[in-house]
Amino acid sequence: MNITICYFARFREKLGVQQENYTLPKNSTCKEIKSMLSNRGGSWQEVFSCTQGVLVAVNQEMATLDSVVTDGDEVAFFPPVTGG
Amino acid sequence: MNITICYFARFREKLGVQQENYTLPKNSTCKEIKSMLSNRGGSWQEVFSCTQGVLVAVNQEMATLDSVVTDGDEVAFFPPVTGG
Amino acid sequence: MKKNIIVTKADFVLDEEIKKLYVDNAGAVVSFVGLVREQASHGKVIAIELEYYPAMTQKALEGIVEQAEQRWPLLGVIVIHRVGYLTVQEQIVLVAVASQHRHAAFAAAEFIMDYLKTQAPFWKKEYIAGQSEGIWVEAKDSDNQALAKWLKN
Amino acid sequence: MKKNIIVTKADFVLDEEIKKLYVDNAGAVVSFVGLVREQASHGKVIAIELEYYPAMTQKALEGIVEQAEQRWPLLGVIVIHRVGYLTVQEQIVLVAVASQHRHAAFAAAEFIMDYLKTQAPFWKKEYIAGQSEGIWVEAKDSDNQALAKWLKN
């Protein structure tokens, strides 16, 4: 299946990517996506091998690493928010 | 000794007096003044015979009925405040 | 600390007041505006009249603000309380507090309002539609309860 | 309920926004303004840049306001959060809440700010005097603690 992945703030800058299309097996969890991204090595590993401080949203709603992703979803990874 | 007594809001309206000069024995307490005012009868008794809802200030500072008054003081009686 | 405590008949412009608190290190400005409400338990309010004790009211407000300063690290406080005759939806009171961080600003603004409501000598009379005489507003138990929460801490 | 939730580059004028909340029964209007502070742990801030997640941020703010509406009897809420490049002392965010009585207005405004700080997708980068690169601001534990107090009730 195909999803869109977005990166924000420090992650976007470090990875040099804002958004990408991504193909992955059905019923993947956000945790599995995170792990696949980490396996790209380099700055990807730096960002995604962390066990803390990686937030995820699925279709513009806050999600958890256990959330299951379906075809066409928009998954976003970002650091803890600091607005206000 | 001589003091000034001020009345505010509902008390002022009911008593028809805003301020008066008052002569009384030395070392009187606010409680004693209240009792003397109540003894005037009529609306004075209505206002000052109440055991609750009569606040007192001495020289523009919140006081209690036990506060002792000295010559030249300004004593004010008023109902609970309702500003804001 | 910037401090501005005023009892006045005149209205205030929120922006003008608040901007006095935009000092270098202020990160949070909390303001409270109290308005004349239309609805009262005994009818529709047309206007209110606020009486005060000139010699004491200013002192009382200053004392309340000093207590707030002792409790929280504040950068500025503005208190403007109007008196006299005010119609529905008019502004009655402004309490604005600046601090580095929001918690202190929220807490101090609420503290000042809770103390003002129970300790500052103001009395409100309501003029109700269809009634020729004004009615003195009764003090509310909820205001004393609001005060009590600060005495515990 | 009057509701106005906006993410924008444009500045706001407090009076104009607040007056939208002066509805008949509003007795209390509490507003919070967040400002760009000069002082940071690592130097003097010149400006900040705010990034956001357009598709999600608006939804997140609306969700936060709905939660506040469920908790307190509110008459109106305004949330304006700016994005982009902002210099020292500029206004970043406005949260304004109207209610009949002050407690609900104070509580809801603080609730919305505490949730916004930890749940709404905004990220702040600080530009420090003498440094060419901006620095991403780290999330604060105190913000998570502020959130936790609402989860208990």
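Numbered from 1 within each chain, the chains take letters A, B, ... in sequence-line order.
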Asker: Strictly less than 4.5 Å between heavy atoms, which residues of residues 74-84 of chain B line up against chain C? Please order them by number.
Answerer: B/E74, B/A76, B/F78, B/P79, B/P80, B/V81, B/T82, B/G83, B/G84
Asker: What part of C/A55 gets within 4.5 angstrom of chain B, counting heavy atoms only: side chain, backbone, both, or neither?
Answerer: both
Asker: Measure C/K125 against the heavy atoms of chain B and call it side chain, backbone, both or neither at under 4.5 Å.
Answerer: side chain
Asker: Would the number of heavy atoms belonging to other residues, nucleotides or ligands and lying under 6.0 Å from CG of C/D141 be above 12?
Answerer: no
Asker: Count the heavy atoms of every other residue, nucleotide or ligand shown that sit under 6.0 Å from NZ of C/K2, and state whether that count exceeds 12.
Answerer: no
Asker: Do any of residues 29-45 of chain B have a heavy atom less than 4.5 Å from a heavy atom of chain C, and if so, which, in residue order?
Answerer: none
Asker: Please list, in residue-number order, every residue in residues 9-25 of chain B that has a heavy atom less than 4.5 Å from any heavy atom of chain C; write 'none' if there are none.
Answerer: B/A9, B/R10, B/R12, B/E13
Asker: Counting only heavy atoms from other residues, nucleotides and ligands, does the tally under 6.0 Å from NZ of C/K3 exceed 12?
Answerer: yes
Asker: Return each pair, listed once, that meets ring-ring contact (aromatic ring centres under 6.0 Å, His included) where at least one residue sits in residues 41-66 of chain C; pairs must be two or more places apart or across chains.
Answerer: B/F8-C/Y53
Asker: What pair of heavy atoms forms the shortest contact from B/Q60 to C/M56, and how long is it?
Answerer: O-CG, 3.2 Å
Asker: With rounding to the nearest 0.5 angstrom, report the CD to CE distance, C/Q119 to B/M62.
Answerer: 5.5 Å
Asker: At a heavy-atom separation under 4.5 Å, does C/K124 approach chain B through its side chain, its backbone, both, or neither?
Answerer: both
